[in-house]
Amino acid sequence: MKTPIGLLSLLLGLAAPPALADDTAAAAAKARADPVKVIAEKLPGIDKSSIKATPLPGVYEVGVGANIAYVSGDARYLLRGDLIDLAPM
């Protein structure tokens, strides 16, 4: 079976890495590598030991005194309030 040159070029182009990395993709890759570090860098004054993984993938609990917040692994989103596991209900 012959593969048309145009299709082959398209497939090779999709497989090749882009010349310049997108900031969003770079931030996501960095967060996957060490989300605690990313969160600590984004929230100055937060001790790394106060950042803990939650049962929700990609979400981390950040404790500051009596206050608790939840932050995405890429430190883009911060949620205030309770994280409630509804599975046992």
Find out if a path of hydrophobic residues (ILVMFWY) with successive side-chain heavy-atom gaps under 4.5 Å connects Leu56 to Tyr60. no
Which residues end up grouped with Tyr77 if you chain together Ile, Leu, Val, Met, Phe, Trp and Tyr wherever their side-chain heavy atoms are less than 4.5 Å apart? none
Holding to side chain to side chain contact (heavy atoms under 4.5 Å, CB included), I want the full list of residues that pass it with Lys48, two or more places apart in sequence or in another chain. Val36, Lys37, Ala40
Applying side-chain hydrogen bond (donor to acceptor under 3.5 Å, both in side chains), name anything that partners Ser50, two or more places apart in sequence or on another chain. none
Side-chain donor or acceptor of Asp82 paired with backbone N/O of Ile84 under 3.5 Å: no
List in chain and number order the residues that pass side-chain hydrogen bond (donor to acceptor under 3.5 Å, both in side chains) with Asp47, two or more places apart in sequence or in another chain; answer none if no residue qualifies. Ser49
Rounded to the nearest 0.5 Å, what separation is found between the CG atom of Leu78 and the CG atom of Leu43? 6.5 Å
List the atom pairs, with distances to 0.1 Å, where a side-chain N or O of residues 61-71 and a protein N or O form a donor-acceptor pair under 3.5 Å, not counting sequence neighbours.
none

May I ask you to decide if Val59's main-chain N or O and Thr54's side chain share a donor-acceptor pair within less than 3.5 Å? yes
